[in-house]
Each structure stands twice: as structure tokens, then as C-alpha cells.
Amino acid sequence: MGGEKLVVQSLKERIIDTALDLFRHKGYHGVSVDEIVATAGTSKGGFYHKFKSKDALLYEIHDVFISHVLKQTKKAYDENETPIDKVCAMLYAFTNVFDVYQRHITVFYDESAYLPPEYKNIIKEKRTEYRKLIEQVIEDGKKSGHFRSDISTTITTMAIIGLVNWTYKWYRQNGSLTMEQITRHFNDLILRGIMTEQGMQEARAKKYLI
């Protein structure tokens, strides 16, 4: 077959993929389970075997990308040596998800207000876990002398998350800058705001700054 690899979607993946397109075009409340089922080419039984409700499907859309971010961010933290290295690698892990899961993120942020509390609580737990990873690397840098001791770890962390989160509103995969180039700008802005002279020397030596 010329060495081509046939990629076959699972039923769950097909339902999610279908729902993403429908939610983006019609909104969460504008799409019924019947329409998702018909467009995905499955049955109601098939849908409810994978998801107990439409709310569960919307939750799953979020869980796909937040789980990816957590895994890659933990890896970036564990596999890099200095706080400067860790911050830069963790930012690339964070922004990469906007490229890989752009549809998931757009749908979730636009429609997440409709989720019931049971799902919002689980989402909050994972987001808290992510926030603590960022707080940890900021604390590491303050202790090692790479980051300024006078900055608030909490405010710095929330500023980083807020800066990157808004990317989903304006990032375009066919735009003039790649996500890697955009992240380089983010890293430059963040590092210059939090580094000591010791940290600045390392960042310049490793060419993390623009």
C-alpha cells in the first residue's frame, strides 16, 4: 500500500470531532444529541455508551487538552535543570496545546459556562494542579537567585496563565508567526519581568531572549 498508514478514529474520537465542528458553528445549545449522532454516523446507543450526557461530552473536550498540558508541563519541569530552563520549557508546553487542540480550547472557553457544578469542580482541580506547577518553578527561581525575591509568586503565576490563555482568541495557524515564535516573545516578556541579574546572564547565554 505504498507504506501509507491508515488512521482510523475510534467511535469516541469521531463523536468528539463531530461535536467540535457542530458546537463551533451552532453553539452548545444549538446542537442536539440527535444531530451529533446523525452527523457522526452512529446511534444514540453508541453515543450514550461513550458519554452519559452532552454535558459529559463537553467536559471530555476540556479534559483532553488539560490532561495534555499537565503531562507535558510536568515533563518540562522534571527534565530541565535550572528555573530559567524550566520556565521556558513549561511555556512551550503550555502554548503548544493552542496549536494541537485549537478547536477543543475554542469550543470549551466559549461554551464552558453551561457545564454543571460536578464537572466544573473536576476542572478546577486540574487547573489548580497546573497553577501549582507554575508557582513551584517561580519559587524555585526565587530560592536559587534566578528570579527576583520581591515579586509575588501568586500574582506572577496568574499573570503568566492569563497572558497565555487569551491566545486562543487571536492565534491563527496560518498567521505570520508560528506558535514557537509567539512563545519566544512570551518567554522574553515574562523572563525580563521576573529575573535577577544572575538570571539575565543565564537567559542571554542560552539565547532565551529576543
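From a predicted model like this one, the values you see are computed outputs, not experimental measurements.
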What is the distance from atom [atom1] of [X] to atom [atom2] of [Y], rounded to the nearest 0.5 Å?
X	Y	atom1	atom2	result
Phe186	Phe94	CZ	CZ	9.0 Å
Leu133	Leu70	CG	CG	6.5 Å
Thr183	Phe98	OG1	CZ	10.0 Å
Tyr59	Ser53	OH	OG	12.0 Å
Gln102	Arg24	CD	CZ	6.5 Å
Ile61	Leu20	CD1	CG	4.5 Å

(message) Tell me whether Glu139 at atom CD has more than 12 heavy atoms from other residues, nucleotides or ligands lying less than 6.0 Å away.
(response) yes

Indicate yes or no: at least one non-hydrogen side-chain atom of [X] is less than 4.5 angstrom from one of [Y].
X	Y	answer
Tyr171	Ile105	no
Asp21	Thr39	no
Arg127	His62	yes
Thr73	Met90	yes
Thr156	Ile134	no
Ile36	Leu57	yes
Leu209	Met200	yes
Leu191	Val87	yes

Heavy-atom closest pair, residues [X] and [Y]:
X	Y	answer
Gly30	Glu35	O-OE1, 4.0 Å
Ala89	Asn80	CB-ND2, 3.3 Å
Ser176	Gln181	O-OE1, 4.1 Å
Lys126	Ser67	NZ-OG, 3.0 Å

(request) For the pair Lys54 (side chain) and Val33 (backbone), establish whether a donor and an acceptor sit closer than 3.5 Å, ignoring hydrogens and angles. (result) no

(message) Quick one: does any side-chain atom of Thr196 pair with a main-chain N or O of His146 as donor and acceptor, under 3.5 Å?
(response) yes

Does [X] share a hydrophobic cluster with [Y], counting links as ILVMFWY side-chain heavy atoms below 4.5 Å and allowing steps through other members?
X	Y	value
Leu115	Val64	yes
Tyr92	Val69	no
Val37	Leu58	yes
Leu189	Ile84	no

(request) Determine, stepwise, if the pair Ile210 / His185 fulfils side chain to side chain contact (heavy atoms under 4.5 Å, CB included). (result) CA-CA 7 Å; Ile210 294 173; His185 279 79; 3.5 Å; yes

Residues 158-167 side chain polar contacts: donor-acceptor under 3.5 Å, at least two apart:
| from | atom 1 | to | atom 2 | distance (Å) |
| --- | --- | --- | --- | --- |
| Asn165 | OD1 | Tyr109 | OH | 3.3 |
| Thr167 | OG1 | Val164 | O | 2.6 |

(request) State plainly whether the residues Lys12 and Glu60 are in salt-bridge range, i.e. N to O under 4.0 Å. (result) yes

(message) Under a 4.0 Å threshold between the charged nitrogen and the carboxylate oxygen, would Arg184 count as salt-bridged to Asp188?
(response) no

(request) Under the side chain to side chain contact (heavy atoms under 4.5 Å, CB included) rule, what do Lys206 and Thr82 come out as? Steps first, then yes or no, please. (result) CA-CA 11 Å; Lys206 293 181 175 178; Thr82 73; 3.9 Å; yes

(message) Which label fits Phe51 and Phe47: parallel for a plane angle under 30°, tilted from 30 to 60°, or perpendicular past 60°?
(response) tilted

(message) Apply side chain to side chain contact (heavy atoms under 4.5 Å, CB included) to residues Val100 and Asn96 and explain how you reach the verdict.
(response) CA-CA 6 Å; Val100 178; Asn96 181 61; 3.5 Å; yes

(request) May I have all residue pairs that pass side-chain hydrogen bond (donor to acceptor under 3.5 Å, both in side chains) and include part of residues 110-125, sequence neighbours excluded? (result) none

(request) Return yes if a side-chain donor-acceptor contact under 3.5 Å exists between Glu135 and Thr157, otherwise no. (result) no

(request) Assess whether side chain to side chain contact (heavy atoms under 4.5 Å, CB included) is satisfied between Tyr208 and Asn187, documenting all intermediate values. (result) CA-CA 7 Å; Tyr208 286 139; Asn187 276 328; 5.8 Å; no

(request) Assess Lys142 against Phe147: is NZ or CZ under 6.0 Å from the centre of the six-membered ring, and within 45 degrees of the ring's axis? (result) no

